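What follows is a short report on a single structure.
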Amino acid sequence: MSDLAGDLHGGWGSLFADIEDDDDLAYDPFSTEYDSDRLSDVSDWDPVPLQEAPAPPIQLQDTRAKQRQLGSASKLERVRNILKCMDNNGMNLPMFLDALSWGDEDCVNDPKVRYERTALMVSEELPHILKRWYRAPRTSTSRAHYVRPAGARKALEEFAMDCAAEILDRELESTAHLFRSPEDSLSEAALTSFDFAEVALRLQDPVLGAPRAWTLLHGAMQRARRSRSESRSQSRKNPTYLQYMRSHNAAAWIKPLTVFLKAKGASAKSLDLLHALGITMSHSWSVRAYAGMSEKSMKELQSVIHRLAWWLAYDNVNFAFRVFSQRLANQSHFDSGTSGSVFVKPHAPPSPPLSNAALQEQRRIGRENPITLADIVALEVAAAPAPGIHSHLVHIVLRTLLECPEFDLASYPHRTHVVLAPPPPVNRLLSGPEYITKQYVLGTVHIDEASYDGTKDLIKEWIHQLKLDSTDEQKRTALDRVLVWVGDQLTVDRLRMLANYRCEDLDGYARLDWLVVVFGWFHALMAFAHSLHQQYFGSASGRGLRQAFVHLNRKGLQTVQIKGVFYHHLHEGILHVSEAHFRDCWRKVSAVARELRELAEKLVHRYASNDAVEDLDALRDGEHDDVLRQSVMWNRDVLYYLLLHQSMESGDVGMMEDLLPHLLYRFAGGGNHKYAVEVLELLQGLHREWPQELKDFVRQNCWLINLTGGPNDFQAIDLVEEHTIKDVKVTYRPKGPNSTWGLMKARAPAIPTLRALDGHITDQFRTVYRGVSHTSPSKEADVQHLDEFYQKARVHEYNAGRDAEDTVKEVVAEGYLTTRLIHQDRKMKQSSWRNCRNRERKERL
């Protein structure tokens, strides 16, 4: 052992020459610049990347060797000898440790003292020594077993508090940049940029983060007996409030939270209380933030419309204003206004520019050559063959079987066969991040669009909000621009008729030559559903929708409504009734073991086609079956509704266009002449009056939009506008007596930013998923109940001489005849569409 010690300690001079911890250090008892274990203050803290762990220091190896040499022998005698030696030298243990620990200038630079000091600093025993100093063990001679020696607890606690304060201050200061608000703190990108998970990872970084502060906060949360996931979630959020209390510039999370709470209706007192607690910004800041977001959004829109192609949609919005103190000029009342939006695709490839001159020339040609019934029939015939309408109708019927639980598609061996795949779309819109549509909400205004004066004022208002009302901009609009505006039937009818009334004005801007109007497809789909309801509702004893709704206990579907949730319930009812019909039909054709696709073709031909209806009509007196005929008509007609709904969800604008002739016949035959005129106008534009660039622009942008980029997330523009109206009226409506038209106009442009912030906070906090979405109850019990009823009633089996309780009108065939009369007899009231086509307009100026 003595040889080993000599080997380790021989030649101290050479060993100490390699140790540079204390070299060239001027002695200062109060200096923090001592050696390798010093703590720098935050100003000169320069973290370096972690390196691989070096070999154990020679001092640590020396200590380990001495421990092995000593073994389990008692250390008491050696300790007593050392203490006696210190007494002989006029020192005690505190004086010795003080001098050893940089307490004496001569000891600082002495090689032997420096070596032993380093041995202590790097030893494995030091942590255990400190722990025992802090929590001294009881001695066997203690009279009270519950009394523990005080040890150095008080001194160590004070020292630990000083160290913890210094470390927290240093680490929080070094990571403050993670919490600083961006310069443009009210933009959508800034409000949705703070990510708790990302910040937490950066805080735990051992070099560039705040690992000790994180450990301290996370450990405190765990000791509070919380679940591990809850404590981890809370640990992510605590540093944000610490940083905000240290500096109000560290509000990268505080500002989004304040905007969110303000948007959700938090009162002024609530926000000011939370601000006093260091959780949010003040209420006055939130008011300025709302105004700033709206102003920024409008400025961005006014710039974007000069760089990108854009289109506009608007719809009426109704408010019920309540007052609590009645006066002549302060009464509860119901009022109407209008909400509008502008849409762009900021990342999509640029589309060809639209030419106003080309539009006026094509309109002049089209007015002299309106579309004819023969043209419409030709379009319908061309759309029928594969992969057109018929193939998609067959696949809808096939999908009814595949989605039936009894079929058990998961166990079907040929479930991936190409025959079961849906037919290719006719013309599907592209999806993905680059084709996301961005919405800008215009200020909500107190102007009723129902009148022509209101429509005229709305045009002026929208143009003013877009800063296109200067003389130069009006001239450019009249000569160069083509603007497409979208709305429901009332909106586009008022715009079109206003343009007709002003057809003799002197300049193109006043004549609205620059305006192209397109109806919204969501309202057309609603009109289709209402038409089916009117045609097939029937009586309680019949086999129509009314009897089905009674069996399913569906309430509130007796009378067609355009408000509330009526359409939602009607749409679900149509889906469930149609599925029950097709399940029953499958039983009639599945007796033959052929391929499913062939069976679906057979089902459509027998139970959902014009041929089947005509075959039943051709039967002789006494052989007719009105119940079967009514069921076949329903199956045929509802398939077109299901196909239109499917095409709108998937973005197949080609299929939507192919369905226009069928929609024309249905609306004309069902008495909905307003939408029949809208379909005629769209067909006239697509095939007579619009240049090719405008046709493509309308198809690609003005029927459906995609706000997420998902392949099946397409929505009709007027449906998006309805959602915006809900946000204006309910979600983000100002609360209290200040809920005025002026305040709603000022705040409406901030709605897209608030939506994005809602989604971001939903992702950050899983607890706010409540109210974001809902799960629809299973339909299977309802569909199966109807299926069993139709099977017992044998509605799809031929029974000669069977009469139906209800008489169902053949709407589509009647619509074809009505359309033919419109084009043949100009004296009829319906022929006003052609008369409007022939109205002369002033030449372009």
Side-chain angles (χ1 to χ4, degrees), residues 311 313 315 341 343 345 379-380 383 387-393 395-397 399-400 422-432 435-437 439 484 486-489 491-492 518-533 562 566-575 578-579 637-664 666-667 672 675 678-679 682-683 686 695-724 776:
W311 56 103
D315 200 356
S341 300
F343 302 90
K345 290 182 179 178
L379 293 173
E380 182 183 26
I389 293 177
H390 180 74
S391 299
H392 287 265
L393 298 179
H395 183 75
I396 290 175
V397 173
R399 192 179 62 202
T400 303
V426 178
N427 179 18
R428 187 175 186 179
L429 296 177
L430 298 175
S431 58
Y435 295 99
I436 291 178
T437 302
Q439 180 186 11
V484 182
V486 184
D488 59 12
Q489 190 277 327
T491 299
V492 297
V518 178
F519 70 82
W521 281 83
F522 171 67
H523 285 84
L525 184 68
M526 289 178 61
F528 197 155
H530 295 167
S531 177
L532 290 175
H533 181 280
I562 60 175
F566 173 82
Y567 171 70
H568 170 76
H569 295 327
L570 176 60
H571 174 71
E572 286 193 330
I574 291 174
L575 295 183
S578 63
E579 187 169 352
D637 292 344
V638 78
L639 276 177
Y640 282 89
Y641 174 81
L642 299 177
L643 179 56
L644 178 59
H645 179 262
Q646 170 188 290
S647 302
M648 292 172 63
E649 283 191 337
S650 63
D652 190 355
V653 293
M655 178 57 67
M656 293 167 61
E657 184 175 349
D658 287 347
L659 289 172
L660 285 174
H662 181 85
L663 292 177
L664 174 62
R666 167 158 289 281
F667 292 145
N672 194 337
Y675 264 101
E678 294 306 327
V679 174
L682 182 56
L683 288 169
L686 291 171
K695 297 178 190 178
D696 295 338
F697 181 83
V698 171
R699 293 186 183 109
Q700 297 295 318
N701 302 294
C702 303
W703 291 353
L704 304 172
I705 59 175
N706 195 324
L707 299 176
T708 65
N712 293 302
D713 291 342
F714 292 94
Q715 300 179 77
I717 289 182
D718 51 331
L719 176 58
V720 174
E721 190 58 30
E722 293 289 347
H723 292 164
T724 302
S776 298

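Because the structure is a prediction, the values reported are computed rather than measured.
Looking only at atom types and distance, the side chain of S341 has a donor-acceptor partner in the side chain of Q439 under 3.5 Å away. Side-chain contact annotation: T708 with D713, donor-acceptor N/O pair under 3.5 Å present.
Here NE2 of H395 is found 12.5 Å from CG of L639. Values are rounded to the nearest 0.5 Å. Distance check: W521 CH2 to L682 CG gives 6.0 Å after rounding to the nearest 0.5 Å. L643 contributes atom CG, which lies 5.0 Å from atom CG of L659 (distance to the nearest 0.5 angstrom). Interatomic distance, CD of E380 versus CD1 of I389, reported as 7.0 Å (0.5 Å rounding). Put simply, CG on N712 and CE on M648 are 13.5 Å apart, with the number rounded to the nearest 0.5 Å. Annotation: the span from E722 atom CD to I717 atom CD1 amounts to 13.0 Å, rounded to 0.5 Å.
When every heavy atom of S578 is checked against every heavy atom of L642, the shortest pair comes out as OG-CD1, 3.8 Å. Nearest heavy atom pair, residue N706 against residue S431, reads ND2-CB, 4.2 Å. Across A527 and N672, no two heavy atoms sit closer than the pair CB-ND2, 3.7 Å. Closest non-hydrogen pair, I574 versus A529, comes out as CD1-CB, 4.0 Å. When all heavy atoms of C702 and V486 are compared, the closest pair comes out as O-CG2, 3.9 Å. Contact between L704 and G651 at its shortest, heavy atoms only, is CD1-CA, 3.7 Å.
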query: Going through the distances and angles, do L393 and Y640 end up as a side-chain contact (heavy atoms from CB on, under 4.5 Å)?
result: CA-CA 7 Å; L393 298 179; Y640 282 89; 4.0 Å; yes
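Contact of the H571 side chain with the H645 side chain is registered, since non-hydrogen atoms from C-beta on lie closer than 4.5 Å. Using a 4.5 Å heavy-atom threshold, the side chains of R428 and S650 count as touching. A 4.5 Å side-chain heavy-atom check between F519 and Q489 finds every atom pair outside the cut-off.
In this structure, the side chain of R666 does not engage the main chain of D637 through any donor-acceptor pair within 3.5 Å. For D652 (side chain) and V426 (main-chain N/O), a donor-acceptor pair under 3.5 Å exists by modelled atom type. The closest donor-acceptor contact from the side chain of H392 to the backbone of P422 lies at 3.5 Å or more, if one exists at all.
Between Y675 and F667, the ring-plane angle classifies as tilted under the 30° and 60° cut-offs.
Under the side-chain hydrogen bond (donor to acceptor under 3.5 Å, both in side chains) criterion, S647 pairs with no residue, sequence neighbours left out. Scanning for salt bridge (Lys or Arg N to Asp or Glu O under 4.0 Å) contacts around E721 gives an empty result, with sequence neighbours left out. Here D718 pairs with H523 under the side-chain hydrogen bond (donor to acceptor under 3.5 Å, both in side chains) rule; sequence neighbours left out. Under the rule for a side-chain hydrogen bond (donor to acceptor under 3.5 Å, both in side chains), the partners of Y567 that lie at least two apart in sequence or sit in another chain are Y641. Partners of N701 according to the side-chain hydrogen bond (donor to acceptor under 3.5 Å, both in side chains) rule, which considers only residues two or more places apart in sequence or in another chain, are K345. Residues satisfying the side-chain contact (heavy atoms from CB on, under 4.5 Å) test with E657, not counting sequence neighbours, are L660, L686, H687, R699, W703.
When each of V518, V698, I705 is tested with W311 by the rule side-chain contact (heavy atoms from CB on, under 4.5 Å), just one qualifies, namely I705.
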